[in-house]
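Below is one structure; the comments refer to it alone.
Lettering of chains follows the sequences in order, A, B, ..., and the numbering in each one begins at 1.
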There are 2 protein chains.
Amino acid sequence: MQRRVTIEDIAREAGVSRQTVTRAMNGMPRISEATRDRILEISERLGYRPSRFASNLARTSKTKTIAFVVDSFRNPYYSELAADLLDAASARGWQMTIVSREDEPELQLLSRLANQVDAVVGYLGETDEKALATAARGAPLVLLGRTATTDGLHSVDFDFGPAFANLVDELRKRGSKRFGLLESQPLGAVYEPSTRRIAYEAAVDPVSAAAVVVCEAPPQSVDAGELGFDELMDRFPETDTVIAFSDLMAMGALRAAHRRGVDVPGQVRLVGVDGLSLGAVTSPALTSLAILGTGFAEQIADVIEQALDGGDGAERRRASLPILWRESA
Amino acid sequence: MQRRVTIEDIAREAGVSRQTVTRAMNGMPRISEATRDRILEISERLGYRPSRFASNLARTSKTKTIAFVVDSFRNPYYSELAADLLDAASARGWQMTIVSREDEPELQLLSRLANQVDAVVGYLGETDEKALATAARGAPLVLLGRTATTDGLHSVDFDFGPAFANLVDELRKRGSKRFGLLESQPLGAVYEPSTRRIAYEAAVDPVSAAAVVVCEAPPQSVDAGELGFDELMDRFPETDTVIAFSDLMAMGALRAAHRRGVDVPGQVRLVGVDGLSLGAVTSPALTSLAILGTGFAEQIADVIEQALDGGDGAERRRASLPILWRESA
DNA sequence: GTGAAAGCGCTAACAG
DNA sequence: CTGTTAGCGCTTTCAC
């Protein structure tokens with residue numbers, strides 16, 4: 001590992017000042033074509049590579065980088081959201097680095113990131129907001145899927161209440177009478193009803209409200225949905241409409257339905273949550289309360305943008321979830 | 001946008017030197033608890049956030065960032081590979097930024113990236129290697145899915161020849177006689193046989209070699225696979241084994257098979273390429289020539305690592321593709 | 001068109 | 001335990 005080739009080396013070799021080299025490298029004006037070409041040739045010959053740290057330090061407009069943190073990019077919900085968010089980030093000239101919180105204590109990861117990016121956004125598990133704020137060390141932090149209450153923490157949450165009310169309403173119009181919910185069990189934590197479950201229970205009749213199956217680990221998996229569907233139909237055979245915590249779980253339910261010879265949507269209507277594009281390729285294609293493809297990512301980017309501009313008050317939004325009608329309901 | 005709070009401000013406020021502040025901020029030794037706490041408190045009060053550019057510039061060990069470039073992270077193959085690569089990158093202490101080449105001319109994108117990351121890896125479309133090398137401006141570049149021939153360009157390609165030979169062999173053992181291939185049409189380019197097609201044709205008998213359907217746009221989509229399967233079965237009704245360019249296309253083929261009442265794998269065996277984990281949730285689950293989950297990402301990371309260490313000779317590898325037996329074949 | 005000087009904000013190495 | 005002295009490599013004035 002020898003000394004790095006710097007702008008100084010090029011300047012010396014070319015017999016010009018460092019400033020001239022900078023002008024040549026960055027395609028700036030006020031330099032003759034001849035010297036530019038000569039410098040470019042020399043820098044190539046010497047294998048010169050500008051230091052992004054030095055250039056960003058000196059430059060007035062620095063490149064922004066945001067970190068997107070999720071459980072795992074193997075979950076299509078997160079990867080599709082990453083794709084959406086990436087578009088929004090690129091449009092704003094930001095770089096986006098993806099970070100999975102699988103192998104490192106969350107707070108530690110957060111404070112590491114705080115020194116390496118301009119803002120952090122994602123699904124964080126830690127419930128102690130003070131701890132989160134401290135770990136972020138002043139880096140703008142945007143919490144997803146929950147509502148922040150601590151000063152300085154931003155968030156974009158979901159408005160499940162109206163969404164479920166509307167969904168149940170529409171389903172009733174199509175003939176649904178008895179609903180059932182496939183709820184997800186957070187990994188290794190004490191079970192606590194999800195905001196989806198709460199919204200569900202508020203939206204349906206008392207009998208349906210009782211028809212809830214908390215699917216076993218692994219959470220958020222197709223398998224969990226498959227097992228859950230079996231249990232739900234066994235325990236509540238009159239169910240004619242199943243709402244799943246997520247599209248992935250709905251896909252599992254669909255599999256179970258096929259296996260049991262239950263026609264979807266003929267005998268049982270099935271609805272997921274997320275709006276995965278993947279839901280379009282199952283047969284029947286999955287109806288879903290859509291998060292993806294609804295401007296959710298744009299909304300997140302807006303919040304980040306404000307946070308980056310040092311907006312003082314914390315920005316808190318709640319996204320609405322339109323129904324994405326496909327075939328399964 | 002007021003002046004940024006710097007280490008200098010903290011030092012002045014605390015009545016210590018900048019160096020002491022550095023020590024406090026980075027949890028370095030040789031500082032008393034008392035002063036550390038005082039400095040931390042002050043820095044929080046003043047809203048101090050270290051500049052990652054300054055710190056990386058001054059530091060001896062700088063944080064590495066690699067860029068992973070693909071068409072679109074909406075394609076599950078790319079997002080699953082991104083997840084694998086991210087694991088490999090994190091394990092090495094690198095950050096990984098994802099970049100989609102959807103909206104920007106590739107060479108331009110590349111030279112922009114060259115100034116912002118330490119290495120670029122991905123599926124690049126540009127065939128002119130000189131142009132790629134120039135645009136990369138000396139940043140290590142690792143080409144995926146093709147073999148580089150230009151000096152300084154690294155690559156990790158696939159060894160389709162043996163893979164297809166082995167696959168066909170194994171399928172024959174299970175009773176396959178007449179094969180068919182669902183080939184993908186590159187977008188908007190003049191059609192040229194893919195390396196997969198070439199390997200396929202070399203592996204099968206002459207009659208099967210002729211049973212190739214080049215699926216219409218959109219390439220690499222479930223829909224393309226669905227249409228392609230129809231055409232293949234219409235034109236070559238004796239086909240008993242279908243190999244698809246990718247798992248996504250195989251999923252489309254599966255859909256068409258369901259629709260046509262063709263039993264898979266009873267009447268027709270179906271094999272994809274990629275090894276998507278998603279292939280496990282279709283019914284029947286998809287058999288595939290696996291790229292994912294085979295150490296491919298690790299291999300890529302190794303190549304990057306060597307390139308980063310300034311290994312002179314360009315590193316070129318070819319990954320092998322084991323068969324991932326599931327239900328569809 | 002080109003160069004000199006003055007930083008950008010931080011850390012390494014050493015001295016005290 | 002703390003401070004001083006030098007940079008890290010580049011860009012930004014502002015002269016010439």
Side-chain angles (χ1 to χ4, degrees), chain A residues 1-40 42-43 46-65 112 114-118 137-139, chain B residues 1-40 42-43 46-64 114-118 137-139:
Chain A
M1 198 81 158
Q2 63 239 11
R3 211 183 99 275
R4 151 170 218 138
V5 180
T6 77
I7 205 174
E8 188 84 52
D9 300 319
I10 313 295
R12 195 178 320 112
E13 181 80 11
V16 297
S17 73
R18 292 179 311 188
Q19 175 48 9
T20 303
V21 179
T22 286
R23 283 197 270 255
M25 295 307 300
N26 300 345
M28 295 166 161
R30 301 212 227 148
I31 180 173
S32 73
E33 287 245 342
T35 47
R36 159 168 308 150
D37 290 348
R38 189 161 50 91
I39 290 174
L40 256 29
I42 291 175
S43 76
L46 265 48
Y48 168 65
R49 259 174 71 47
S51 149
R52 68 167 180 287
F53 297 121
S55 105
N56 274 292
L57 180 57
R59 216 185 282 274
T60 29
S61 138
K62 294 137 187 351
T63 75
K64 301 279 188 208
T65 301
R112 233 192 19 162
N115 283 325
Q116 276 159 35
V117 301
D118 299 294
R137 308 222 199 118
Chain B
M1 199 79 158
Q2 63 240 12
R3 211 184 98 274
R4 152 173 216 135
V5 180
T6 77
I7 205 175
E8 187 85 52
D9 301 319
I10 313 295
R12 195 178 321 113
E13 180 80 11
V16 298
S17 73
R18 292 178 312 187
Q19 177 53 358
T20 303
V21 179
T22 286
R23 283 197 269 256
M25 296 306 302
N26 299 344
M28 295 166 163
R30 305 212 222 149
I31 181 174
S32 73
E33 288 246 342
T35 48
R36 161 169 306 153
D37 291 348
R38 189 161 50 91
I39 290 174
L40 257 28
I42 292 175
S43 77
L46 265 48
Y48 167 67
R49 256 174 73 45
S51 148
R52 69 168 178 287
F53 297 121
S55 119
N56 273 292
L57 181 56
R59 218 184 279 274
T60 30
S61 133
K62 295 137 188 344
T63 76
K64 300 280 187 207
N115 283 324
Q116 275 158 35
V117 301
D118 300 293
R137 307 222 199 118

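- Atom OG of Ser17(B) and atom CD of Glu8(B) lie 10.0 Å apart (nearest 0.5 Å).
- With hydrogens and angles disregarded, a donor-acceptor distance shorter than 3.5 Å links the side chain of Arg49(B) to the backbone of Ala114(A).
- When all heavy atoms are compared, the tightest approach of Ala24(B) to Leu40(B) is O-CD1, 3.9 Å.
- A heavy atom lying under 4.0 Å from DNA chain C marks the following residues of residues 20-37 of chain A, by number: Thr20(A), Arg23(A), Arg30(A), Ile31(A), Ser32(A), Thr35(A).
- The bend of the helix from dG1(C)-dC16(D) to dG16(C)-dC1(D), defined by the angle between the axes of its first five and last five pairs, stands at 30° to the nearest 10°.
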Atom pairs, protein N/O to nucleotides 5-9 of chain C N/O, distance under 3.5 Å:
residue : atom : partner  : partner atom : Å
dA6(C)  : N6   : Arg18(A) : NH2          : 3.1
dC8(C)  : O2   : Ala58(A) : N            : 3.4
dG9(C)  : N2   : Ala54(B) : O            : 3.3

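- Atom CZ in Arg12(B) sits roughly 15 Å away from atom P in dG3(D) (whole-Å rounding).
- When side chains are defined from C-beta on, Ser51(B) counts as touching Leu57(A), because their heavy atoms get closer than 4.5 Å.
- Ion pair Arg52(A)/Asp118(B) flagged as a salt bridge, since at least one NZ, NE, NH1 or NH2 atom sits closer than 4.0 Å to an Asp/Glu carboxylate oxygen.
- With sequence neighbours excluded, the residues satisfying side chain to side chain contact (heavy atoms under 4.5 Å, CB included) with Arg59(B) are Asn26(B), Ser55(B).
- The closest side-chain heavy-atom distance from Tyr48(A) to Ile42(A) is not below 4.5 Å.
- Per the geometry, CG belonging to Asp9(A) stands 14 Å off C1' belonging to dC8(D), to the nearest Å.
- Atom CE of Met25(A) sits about 7.5 Å away from atom CD1 of Ile10(A), to the nearest 0.5 Å.
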Taking only distance into account, with no hydrogens and no angle test, what donor-acceptor pairs under 3.5 Å do side-chain atoms of residues 28-35 of chain B form with protein atoms, sequence neighbours excluded?
residue  : atom : partner  : partner atom : Å
Ser32(B) : OG   : Thr35(B) : N            : 3.2
Ser32(B) : OG   : Thr35(B) : OG1          : 2.8
Thr35(B) : OG1  : Ser32(B) : O            : 3.0

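- Shown here are the side chain to side chain contact (heavy atoms under 4.5 Å, CB included) partners of Asn115(B), two or more places apart in sequence or in another chain: Pro50(A), Arg137(B).
- Across the protein-nucleic acid pair, Glu8(A) atom CD and dT11(D) atom P stand 13 Å apart, rounded to whole Å.
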